[in-house]
Amino acid sequence: MTDTVNNSAVHTASRDGGLRILVGVGGGIAAYKACALIRTFTKAGHDVHVVPTESALRFVGAATFEALSGNPVSTTVFENVDEVQHVRLGQEADLVVIAPATADLMARLAHGRSDDLLTASCLVATCPVVLAPAMHTEMWAHPATRENVETLRRRGTVVLDPAHGRLTGPDSGPGRLPEPEHIASLALAAHDRFGIFRRSLAGRRILITAGGTHEPLDPVRFLGNASSGRQGFALADVAVQRGARVELVAGFTDELDEPSGAHITRIKTARDMQQAVAELAPSSDAVIMSAAVADFRPASAADAKLKKGGDADLATLALTENPDILRGLVEARRTGELPEELLIAGFAAETGDAEHTPLDLARVKLARKGCDLLMCNAVGDGLVFGQDSSSGWLLTPGEQPGAEEVTEVPAASKLVVASHILDALEELFAPE
Ligand code: CTP
């Protein structure tokens, strides 16, 4: 049973369409990173009110938070009592983001304490509340913290997974605060689509491919494409937050924040990707092929850099077709090499042509690939590739060609688009 506290109450947007965001800061060494988070929000036009805990102020002074947010800062419910700010700040917020959320702060939130302004504000907030924990690995793994996180998530609070990496001191492991821009995008997605991070994929194993492959011509040249990997990373982010165990097989991508909690395998070529997918697919419940796999590779790759005037004919490039990984998965499922319950989803990036719309071509591609779900994006003219947002259609096969079920995915951030794709996938899972 889910005793959800956050609801989809409509909150009034603050100045110029920006949101009123309450940024809570817990008392941990990562408190300094809250400064970058506040800057990210204010630069995007949001009205930020910072509520640190008393101990957060031992790491970063109130003056810094006031200067960055342009709003006064207090920690206790006994300041500005006439304005009833312990209730007002939380009630008026469109979004509450706490970074870093320490083990102690999460314990207090899980128990409904209201002994400072931040916890009191969280008790009255009806908007999405997003916590970005940061602590030592042992504290994150402790049964007390696990239970508190579980309790908060059950109530609808979004508790992000901490990133892996170097912690304060010589140790390293899960517990690092994710990068502030990454926290900001996830938190805004939680505001844009209520319930986007509900724990609906707990126990599921999802394999996602992302980015483009590079097909070498020689040690310094390759055939590649413009895929940024953003949609695949967004899918991994949302799937992790929904509780799935995520394997992400990534080719070449823009410099993106790696989804905390996903296991990442980096590959270079289409054949590397095919091999990684073949190893991971048998232990997955679903595969989402969002990678832009190069269809062809140079027939031969030279060991040394090719030279003008050398032996090789550089004016003509002989190509060999790469394996179609998506079709291979569908075929392996048909022949019983892969479990028949494995769900397989693909992407279609289409420009359309003189006679066909992108959607027409996506219908044909769905039939040709034989997958269970296809996300079609209309691309070209600066649309989709490298952008933070996208739109398109989700297609599932019908009884005969032309009878596919098509659902429009409205323009939104790639995190929100990812949530629509995962919703469609979740509907296809057989009930457990
Ligand atoms: N795909 C794949 N292996 C390939 C090429 C594509 O698995 N060698 C997958 C992509 O990850 C995507 C889907 O197939 O999920 C469609 O990719 P796309 O490039 O749009 O389709 P193609 O089959 O390459 O068809 P075309 O380029 O002719 O439109």
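In each ligand, atom 1 is the first atom listed, and ligand 1 is the first ligand listed.
Nearest protein heavy-atom contact of atom 20 (O) of ligand 1 is K365 NZ, 2.6 Å. In this structure, atom 7 (O) of ligand 1 lies nearest to the protein heavy atom L326 N, 2.8 Å. Among all protein heavy atoms, the one lying closest to atom 11 (O) of ligand 1 is A291 O, 2.7 Å. The protein non-hydrogen atom at the shortest distance from atom 16 (C) of ligand 1 is F347 O, 2.8 Å. Scanning the protein heavy atoms around atom 28 (O) of ligand 1, the nearest turns out to be R368 NH2, 4.2 Å. In this structure, the protein non-hydrogen atom closest to atom 14 (O) of ligand 1 is K369 NZ, 3.1 Å.
Counting heavy atoms under 4.0 Å from ligand 1, residue P323 touches it through the backbone alone. Contact annotation for A349 and ligand 1: only backbone heavy atoms (N, CA, C, O) come within less than 4.0 Å of the ligand.
For the pair D423 and R193, the salt-bridge criterion is met [side-chain N within less than 4.0 Å of a carboxylate O].
For the residues I325, L361, T351, the heavy atom positioned nearest atom 2 (C) of ligand 1 is part of I325. Looking at T213, D324, D295 and measuring to atom 5 (C) of ligand 1, the nearest heavy atom belongs to D295.
Polar contact check, A348 against ligand 1: no nitrogen or oxygen pair lies under 3.5 Å apart.
Each of the atoms 7 (O), 11 (O), 12 (C), 15 (O) of ligand 1 lies under 4.0 Å from some heavy atom of M289.
Cation-pi geometry between R176 and W140 is not satisfied (NZ or CZ under 6.0 Å from the ring centre, within 45° of the ring normal).
For the side-chain contact (heavy atoms from CB on, under 4.5 Å) criterion with R230, the lone passing option out of T253, L235, L256 is L256.
Taking the six-membered ring where tryptophan is involved, the planes of F41 and H46 are perpendicular, since the angle between them exceeds 60° and thus also 30°.
Considering all non-hydrogen atoms of both residues, A294 and N225 come closest at N-ND2, 4.4 Å.
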